[in-house]
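Have a look at the structure below before the remarks.
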Amino acid sequence: MSAAAVLRILLVDDHPVVRAGLRALLSSHEGLDVVAEASSGEQALELVASLRPDVVLMDLRLGAGIDGAQATAAITARPDPPRVVVLTTYETDADILRAVEAGAAGYLLKDSDPQVLVDAVWAASRGETVLNPDVAQRLYRQIRSPRVDLSARETQIVGLVAQGLSNRAIAKELFVTEATVKSHLVHAFSKLGVDSRTAAVAAARERGLIE
């Protein structure tokens, strides 16, 4: 792309106020042109096909229908696809990995400095990868660390611990013995590399295993 070329951008976010703010920011910079806005993943796919933007700014959570990661995967699977930069408030390890695995060229948080966002759009258009520094560290740590897979029951129990339930209350809730609950927690602790209920909840949330 030449220096005089105009970069065509598609905004994908289900919040009109966010889209309006992004449009105002990007349109105030020479060489950036917001060609369209989409409020859903499905609409984003239609606009990518019809308008062929250079860069797509994609939120992860888009309400009903396909989410941002799914839309990103579909967009990047197209011939000669636009570059997709995720711009979101979500930064769990699971969110980051889903976006990167879907083919996103970047991952930024909505509290990023405006100039960082503008620079990231240009960088992505040049084929560079752009990551929020905190996100980059988390991604690097996640790649270096073995993937943690709790069983469905372990995940359920850690989730109930996160809600403040005692082992006895969890046992009553799940119609199992308290010893069974303790056994599942011991296994979950081992997999997460922790030694307490509080640490297990924190680790599970960080990995996106529970909300």
Side-chain angles (χ1 to χ4, degrees), residues 1-16 18-110 112-136 138-140 142-143 208:
M1 180 177 297
S2 67
V6 174
L7 199 62
R8 294 161 50 81
I9 303 168
L10 169 64
L11 303 178
V12 186
D13 197 293
D14 60 343
H15 292 96
V18 173
R19 296 199 307 271
L22 289 172
R23 176 181 283 275
L25 167 65
L26 297 171
S27 298
S28 68
H29 286 74
E30 184 177 356
L32 300 182
D33 180 23
V34 177
V35 296
E37 301 174 14
S39 60
S40 69
E42 290 82 359
Q43 186 180 16
L45 297 183
E46 294 175 2
L47 290 172
V48 165
S50 62
L51 298 177
R52 298 185 61 80
D54 300 303
V55 176
V56 178
L57 280 182
M58 177 77 69
D59 193 11
L60 285 182
R61 307 294 167 88
L62 299 172
I66 64 175
D67 64 18
Q70 292 170 315
T72 296
I75 290 171
T76 56
R78 293 175 52 84
D80 192 22
R83 303 282 286 176
V84 180
V85 176
V86 168
L87 181 64
T88 185
T89 57
Y90 301 95
E91 57 173 325
T92 68
D93 289 2
D95 287 327
I96 297 167
L97 283 175
R98 285 190 67 218
V100 172
E101 289 171 351
Y107 195 113
L108 298 176
L109 301 179
K110 287 182 178 177
S112 298
D113 184 272
Q115 190 58 50
V116 169
L117 174 58
V118 172
D119 292 344
V121 169
W122 281 112
S125 73
R126 296 191 296 266
E128 300 173 20
T129 299
V130 288
L131 292 173
N132 175 280
D134 290 339
V135 168
R138 293 163 70 98
L139 181 61
Y140 179 72
Q142 183 71 10
I143 290 173

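Along the sequence shown, residues are numbered consecutively beginning with 1.
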Legend entry - Taking every non-hydrogen atom, the tightest pair across L62 and G41: CD1-N, 3.6 Å
Inset, instruction - Please report the shortest heavy-atom distance between T76 and A73, naming the atom on each side. - result: OG1-O, 3.3 Å
Legend entry - Residue that, paired with S27, satisfies side-chain contact (heavy atoms from CB on, under 4.5 Å) out of L32, V34, I9: V34
Legend entry - Criterion side-chain contact (heavy atoms from CB on, under 4.5 Å) against L87, the qualifying member of L117, V121, V56: L117
Inset, instruction - Please confirm whether the backbone N or O of E128 pairs with a side-chain atom of R83, one donor and one acceptor, at under 3.5 Å? - result: yes
Legend entry - Any side-chain heavy-atom pair of L60 and D67 under 4.5 Å: no
Inset, instruction - Mark yes when over 12 heavy atoms from residues, nucleotides or ligands other than R23 sit less than 6.0 Å from its CZ; otherwise mark no. - result: yes
Inset, instruction - State, with a plain yes or no, whether a side-chain heavy atom of T88 is found less than 4.5 Å away from one of Y107. - result: yes
Inset, instruction - Verify side-chain contact (heavy atoms from CB on, under 4.5 Å) between D80 and R52, making sure each step is shown before the conclusion. - result: CA-CA 9 Å; D80 192 22; R52 298 185 61 80; 3.5 Å; yes
Inset, instruction - Just do the side chain to side chain donor-acceptor pair (under 3.5 Å) check on E46 and S50 with the steps written out, would you? - result: CA-CA 6 Å; E46 294 175 2; S50 62; over 6 Å; no
Inset, instruction - Please name the pair of heavy atoms, one in L10 and one in A38, separated by the smallest distance, quoted to 0.1 Å. - result: CD1-N, 4.3 Å
Legend entry - Heavy-atom side-chain proximity of V12 to D59 below 4.5 angstrom: no
Inset, instruction - Heavy atoms only: give me the nearest S39-R19 pair and the separation to one decimal. - result: CB-NH1, 3.6 Å
Legend entry - Set of side chain to side chain contact (heavy atoms under 4.5 Å, CB included) partners for V18, sequence neighbours left out: D13, H15, L22, K110
Inset, instruction - Would you mind reporting whether P16 and E37 have side-chain heavy atoms less than 4.5 Å apart? - result: no
Inset, instruction - Could you tell me which non-hydrogen atom of R8 sits nearest to which non-hydrogen atom of L51, and how far apart they are? - result: NH2-O, 2.7 Å
Inset, instruction - Please report the closest heavy-atom contact between G65 and E42, naming both atoms and the distance. - result: CA-OE2, 3.4 Å
Legend entry - Partner set under side chain to side chain contact (heavy atoms under 4.5 Å, CB included) for D113, not counting sequence neighbours: Q115, V116
